[in-house]
Amino acid sequence: MALPKRFPDRDEIADVRAEIEPLEPGAEAEAKRRLAGRVVGRREMGKLVFLDLVDRSGRIQLLCDTARTGPIDVDLGDIVGVTGSPARAKRGEPSLAVDELELLAKIRRPLPDTFHGVTDVETRYRQRYLDLLMNEETRADFALRTRVVGAVRNHLDSAGFLEVETPVLQPRYGGGFAEPFVTHYNELDADYYLRIATELYLKRLIVGGLEKVYELGKDFRNEGLSYKHVPEFTMVEWYEAYTDYRDQMERVEQLIEAVARETTGGTKFTYRGHEVDVKTPWRRLKLVEALEQHGLWTRDADQLRSFLQERGVDTSQDKSWAQLVDHALSHFVEPALIEPTILHDYPVELSPFARQTEDDPSIVERFEYFVGGTELGNAFSELNDPDEQADRFQQQADEVGGEPGDPDYVEALAYGMPPTGGVGLGIDRLAMVLAGKDNIRDVVLFPALRQRG
C-alpha cells in the first residue's frame with residue numbers, strides 16, 4: 001500500500017494543548033484539529049488505545065476508541081497523521097480524541113529505550129537524529145541555538161549593520177593565528193584555504209564605504225578538539241567605522257545581554273558549574289594586571305619560560321615570548337575569569353591588526369571577553385595605517401605559525417580606512433553559556449568525530 005505523500009493543514013501539538021487548557025477532565029471540544037508526528041508510546045485498555053504523539057512543539061496523548069477509529073495498527077516509531085477533537089482525559093491528561101488515523105511513514109528499526117532516551121554520548125554525537133528524536137532537552141537546546149542566531153542578527157540589523165557574504169575559499173588566509181585547511185582550485189590551478197576568519201574581507205568593505213557590516217557564518221581551523229574547540233565553528237564578526245575598542249566593549253555587553261533576555265527571558269545562567277550573570281556592565285581588567293596577579297608578567301622570555309616551567313607547564317613548543325604569554329593566559333588567567341570579564345590592552349606582539357594605545361606603543365587596543373572561564377570573542381581598534389600593517393604582517397610571518405602577509409589588503413588600506421572598531425563573537429560558545437552546556441559538541445548538530453574502526 002502506497003503511503004500518503006503529504007498531510008496538509010496540520011496543527012502543532014503545542015497549539016492544541018493550549019486549546020485544551022480550559023477544558024474540564026472528561027470534556028471534549030467540538031473543533032476538529034489535525035496533528036502529525038511520531039508515536040513514542042502505546043497503551044491499551046479494552047477497546048481504548050492510548051498513543052503518545054510527538055512533534056517539534058511538544059507531546060500529546062491520542063485517545064483512540066477503536067469503535068470510532070477502527071483497528072489501530074501502528075508500532076512505536078511510526079509517523080502518523082490524525083484528525084480529532086481536543087479533549088481532556090478523565091485523569092486530566094491533555095489529549096486528542098481521534099476520529100481518523102493514517103500511517104505516513106513506517107519505522108524499520110526499533111527505537112532506543114523510549115523512557116531513558118539516548119544517553120550514550122558517542123551515539124548522541126554520531127547519530128544526532130536519534131538524540132533529537134528521543135531527547136526533548138536536545139530539541140530544546142538546538143531550538144535555543146536557532147533563536148540565538150536570529151537574535152544576534154536582529155540586534156545588529158536594528159543597529160544599522162548590513163549583513164554581507166565574503167569568500168569561504170581564500171587565496172590567503174588571515175585574521176588570526178591558526179592552521180588552515182588547504183584545498184585546490186582546479187580551474188585556477190592554485191591552492192586555496194578555507195577561511196579562518198572573515199576579518200580582512202569585511203574591513204575591505206569598510207574601506208569601500210559600507211561603514212557598518214557583519215557576517216555570520218562558518219570558519220575553519222585545522223587544529224585540536226576540546227570542550228570549547230571544534231575545527232568547523234560559527235562566528236559573527238562585525239566592523240563599525242568611526243568607533244574604537246571601547247565603543248565595542250559597550251556593544252558586546254549590550255548585545256549579549258539583549259540576546260540572553262530575548263532567547264531565555266533572563267541574564268543568569270549556570271555554566272560549567274558556575275553561576276554567571278551577563279547583565280551589563282561587565283568587569284574590565286587589563287591583561288598586564290591579570291598576569292601580575294598570577295606573578296607572570298615579564299618582558300623577558302627566558303624568565304617567563306622559567307616561571308611557567310616551575311608551575312608544571314610544558315613550554316617546549318613555545319618559540320617566542322608572545323607564545324609564552326599566550327600559554328600563561330590560557331593556563332592561569334582565562335580559567336579564573338568566571339564572572340563576565342573584558343580583558344583588554346594586549347602586547348603588540350599578540351595582535352597584528354590592532355592600533356597602539358596612546359600612552360604605550362608596546363600595548364594595543366584589543367580586548368577579549370570571557371564568561372565562566374571561556375573566551376567568547378575578540379575585538380580591536382583596527383589598524384588602518386598601510387605601512388604599519390605591512391610591518392605587522394612581517395612581524396607575524398617571523399613568528400612560528402605566523403600567518404602570511406596580504407599585499408592586496410595593505411593596498412586597500414592605502415586608499416584610506418576610517419577609524420574602526422571590530423569584534424568577533426563565537427556563536428557556538430555563546431550558545432553553550434545560554435544553554436548551560438559544558439561541551440561545545442552539545443550545541444553543534446553534527447560535530448566532527450574520528451571515524452569508527
Side-chain angles (χ1 to χ4, degrees), residues 149 162-210 213-226 228-239 317 319 322-323 326 350-354 377-380 382-384 386 389-415 417 420 422-429 440 444-451:
V149 170
L162 298 176
E163 183 174 9
V164 298
E165 294 180 331
T166 64
V168 173
L169 291 175
Q170 301 179 351
R172 293 181 176 85
Y173 64 96
F177 285 113
E179 183 70 23
F181 286 92
V182 185
T183 187
H184 191 76
Y185 212 131
N186 289 339
E187 188 66 25
L188 301 180
D189 191 23
D191 285 343
Y192 268 59
Y193 305 92
L194 291 176
R195 68 187 182 196
I196 64 172
T198 56
E199 178 174 352
L200 300 186
Y201 284 90
L202 290 175
K203 288 192 289 191
R204 285 171 168 91
L205 301 180
I206 297 294
V207 172
L210 294 188
V213 295
Y214 77 92
E215 182 169 8
L216 198 158
K218 293 286 191 180
D219 290 335
F220 308 85
R221 299 187 178 185
N222 197 0
E223 299 175 342
L225 297 169
S226 77
K228 59 183 178 180
H229 292 98
V230 286
E232 177 183 349
F233 57 97
T234 303
M235 287 282 292
V236 59
E237 289 192 44
W238 69 82
Y239 293 85
Q317 300 303 309
K319 307 301 183 185
Q323 292 174 336
D326 192 60
L350 274 66
S351 308
F353 304 117
N378 191 20
F380 303 131
E382 302 296 338
L383 191 62
N384 62 349
Q389 181 63 79
D391 291 341
R392 298 278 190 91
F393 273 138
Q394 186 57 52
Q395 174 187 320
Q396 294 302 311
D398 292 340
E399 291 278 350
V400 175
E403 61 189 17
D406 188 336
D408 179 75
Y409 175 68
V410 173
E411 182 175 354
L413 290 183
Y415 287 93
M417 185 176 82
T420 297
V423 178
L425 167 61
I427 295 294
D428 308 311
R429 293 185 184 181
I440 196 170
V444 173
L445 277 169
F446 299 104
L449 299 168
R450 194 180 303 276
Q451 290 188 0

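Numbers for residues simply follow the sequence, beginning at 1. Given the structure is predicted, the values throughout are model-derived calculations rather than measurements.
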### Point-to-point distance, once rounded to the nearest 0.5 Å, from CZ of Phe393 to CZ of Arg172
9.5 Å
### Summary
Closest non-hydrogen atoms of Ala197 and Asp219, given as atom of the first, atom of the second and distance, are CA-OD2, 3.7 Å
### Distance in Å, Glu215 CD paired with Tyr239 OH, rounded so as to fall on 0.5 Å steps
10.5 Å
## Note on the structure
For Glu237 and Thr198, the nearest pair of non-hydrogen atoms, with its separation, is OE2-N, 3.0 Å
### Summary
Residues Val213 and Leu202: closest non-hydrogen pair is CG2-O, 3.9 Å
### Message
Working note: Gln317 + Gln323, criterion side chain to side chain contact (heavy atoms under 4.5 Å, CB included); need CA distance, chi angles, decisive distance, verdict.
### Response
CA-CA 9 Å; Gln317 300 303 309; Gln323 292 174 336; over 6 Å; no
### Distance-minimising heavy-atom pair for Phe220 and Phe233
N-CE2, 4.1 Å
### Query
Between Phe353 and Gln389, is a side chain to side chain contact (heavy atoms under 4.5 Å, CB included) present by the stated rule, with each step listed?
CA-CA 7 Å; Phe353 304 117; Gln389 181 63 79; 3.3 Å; yes
### Task
Could you pull out the closest heavy-atom pair between Leu225 and Pro231, with the gap in Å?
CD2-CD, 3.2 Å
### Approximate separation, where rounding is to 0.5 Å, of Leu169 CG and Tyr192 OH
8.5 Å
### Task
Measure from the side-chain N and O atoms of Arg392 to the backbone N and O of Ser351, and report whether any donor-acceptor pair falls under 3.5 Å.
yes
### Query
What distance do Met235 atom CE and Arg429 atom CZ have between them, rounded to the nearest 0.5 Å?
8.5 Å
### Query
Between atom CG of Leu210 and atom NZ of Lys203, what is the distance when rounded to the nearest 0.5 Å?
15.5 Å
### Donor-acceptor pair, side chain of Arg195 and main chain of Lys218, under 3.5 angstrom
yes
#### Entry: Donor-acceptor contact below 3.5 Å, side chain Asn384 vs main chain Met417
yes
#### Entry: Chi angles and distances behind the side chain to side chain contact (heavy atoms under 4.5 Å, CB included) call for Arg204, Asp408
CA-CA 10 Å; Arg204 285 171 168 91; Asp408 179 75; 3.0 Å; yes
Donor-acceptor contacts, no H, no angles, side chain residues 176-188, under 3.5 Å, sequence neighbours left out:
from   : atom 1 : to     : atom 2 : distance (Å)
His184 : ND1    : Ala190 : O      : 3.4
His184 : ND1    : Asp191 : OD1    : 2.9
His184 : NE2    : Asp189 : OD1    : 3.3

### Message
Minimum heavy-atom separation for Tyr415 and Val207, please, with both atom names.
### Response
CB-CG1, 4.3 Å
### Message
I need the Ile196 CD1 to Tyr173 OH distance, nearest 0.5 Å.
### Response
6.5 Å
